[in-house]
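Okay, so here's the structure we're looking at.
Chain identifiers are assigned alphabetically (A, B, ...) following the order of the sequence lines, protein sequences preceding nucleic acid strands; residue numbering begins at 1 within each chain.
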2 protein chains.
Amino acid sequence: MRIGELSKATGVDVETIRYYEKAQLLSAPARSDNGYRTYTQAHLERLAFIRHCRALDIPLAAVQRLLTFVDSPQSDCGEIDQLIDAQLARVRARLASMHALERQLMALRGQCTGPHSAAECGILHDLVAAAHGEACVCHQN
Amino acid sequence: MRIGELSKATGVDVETIRYYEKAQLLSAPARSDNGYRTYTQAHLERLAFIRHCRALDIPLAAVQRLLTFVDSPQSDCGEIDQLIDAQLARVRARLASMHALERQLMALRGQCTGPHSAAECGILHDLVAAAHGEACVCHQN
DNA sequence: AGAATCCTTGGAGTCACTACAGGGTCAAGC
DNA sequence: GCTTGACCCTGTAGTGACTCCAAGGATTCT
């Protein structure tokens with residue numbers, strides 16, 4: 001299978017596949033006489049594994065760790081749990097701060113209703129007030 | 001005020017302040033005889049404004065647009081509204097995908113309960129199954 | 001005087017790609 | 001045989017918003 005076919009089969013961009021090879025996530029495939037990469041079914045599965053992990057927003061370094069577990073099935077799975085837990089914690093922390101952000105932006109957006117000049121804009125006023133250390137609607141609590 | 005004092009006054013890293021100057025967000029300050037940057041109160045306020053926007057996760061390019069409105073109070077504020085709306089939309093889109101992510105990771109985490117080998121690990125099993133195109137707990141729906 | 005702290009510049013590293021530039025290879029059609 | 005177009009190769013640079021470091025000069029404290 002050439003790189004274009006692998007790309008179509010997995011939906012992963014050709015450049016991204018080459019990037020994974022350089023980043024040592026995908027083993028370098030055999031080359032045909034003309035220098036083209038020739039992939040096997042094993043490569044396809046490994047790539048699908050990587051993309052599935054990435055769909056879960058797992059960093060590439062953690063994906064690499066997970067791949068070593070795929071390759072050594074006898075090892076203890078404790079670190080796998082830890083990796084997923086860490087990822088869950090990251091996602092939850094980000095989620096909480098994004099919720100706060102949404103509230104803050106909504107409060108800020110509420111400061112400006114109709115069309116008028118920047119000088120009269122409640123949003124800008126609020127952002128400038130915050131810069132003076134004064135209270136702002138978005139960071140009141 | 002020297003850069004270290006500005007840094008302490010605002011809680012912004014010295015390197016970040018220099019970065020803002022290079023990125024044209026903060027105007028280049030005067031220099032004292034020894035070449036040290038000398039900041040004014042106006043710089044401090046501008047920096048506080050930038051950081052407040054960044055706390056709302058507004059991209060630096062958008063912050064730069066906002067700063068031009070601070071400098072020209074007579075202009076129409078329509079674009080300000082648009083900027084905040086765009087930011088709110090970005091945050092909400094990210095929020096939705098992060099919620100989905102949390103659900104997926106929780107389902108995946110539920111596959112592994114006790115300590116055992118990687119070969120028996122439900123998490124790894126699920127990730128590999130997904131790589132084979134089979135159903136996985138995390139992307140069932 | 002020496003040490004610690006501060007300041008300067010410039011460049012590289014982070015993450016996970018993405019986008020070229022400048023070439024080589026191959027199959028189909030004329 | 002030649003052109004066209006799709007594919008492939010390598011290597012490098014860019015993205016955003018910093019962060020870190022090296023190598024040196026200035027200032028301040030003891």
Quiz item: How does protein reach along nucleotides 16-26 of chain D, written 5' to 3' as B (base within reach of a heavy atom under 4.0 Å), S (only sugar-phosphate), or - (no contact)?
Solution: -BBSBB---BB
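- Atom CD in A:Glu21 sits roughly 15 Å away from atom P in C:dC17 (whole-Å rounding).
- Under the 4.5 Å side-chain criterion, counting only non-hydrogen atoms from C-beta, A:Cys112 is in contact with B:Asp81.
- Residue contacts for B:Lys22: at a heavy-atom cut-off of 4.0 Å it reaches no nucleic acid atom on any strand shown.
- Here D:dC9 presents its C1' atom at 15 Å from CG of A:Asp33, a figure rounded to the nearest Å.
- Residues passing the side chain to side chain contact (heavy atoms under 4.5 Å, CB included) test with B:Ser75, sequence neighbours excluded: A:Ala118, B:Phe69, B:Ser72.
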Self-check item: Full working for salt bridge (Lys or Arg N to Asp or Glu O under 4.0 Å) between B:Arg90 and B:Asp85
Solution: CA-CA 9 Å; B:Arg90 242 196 321 275; B:Asp85 282 343; over 6 Å; no
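- Scanning both residues, A:Leu26 and A:His43, for their nearest heavy atoms gives CD1-O, 4.1 Å.
- To the nearest angstrom, P of C:dC7 lies 12 Å from CE of B:Met1.
- Side chains of B:Tyr20 and B:Arg54: no donor on one and acceptor on the other come within 3.5 Å.
- Considering only the side chain of A:Arg2, D:dC7 comes nearest among D:dC7, C:dT8, C:dC6.
- An OP1 or OP2 oxygen of C:dT9 is reached within less than 4.0 angstrom by a side-chain nitrogen or oxygen of B:Arg31.
- Summary for the helix from C:dA1-D:dT30 to C:dC30-D:dG1: the axes at its two ends, each from 5 pairs, differ by 20° when rounded to the nearest 10 degrees.
- A:Leu56 has its CG atom 14 Å from the P atom of C:dA16, to the nearest Å.
- The side-chain heavy atoms of B:Arg2 and B:Arg37, taken from C-beta on, include no pair separated by under 4.5 Å.
- Between A:Ile17 and A:Tyr39, some side-chain heavy-atom pair lies under the 4.5 Å cut-off.
- A heavy-atom distance below 4.5 Å is not found between the side chains of B:Arg109 and B:Leu105.
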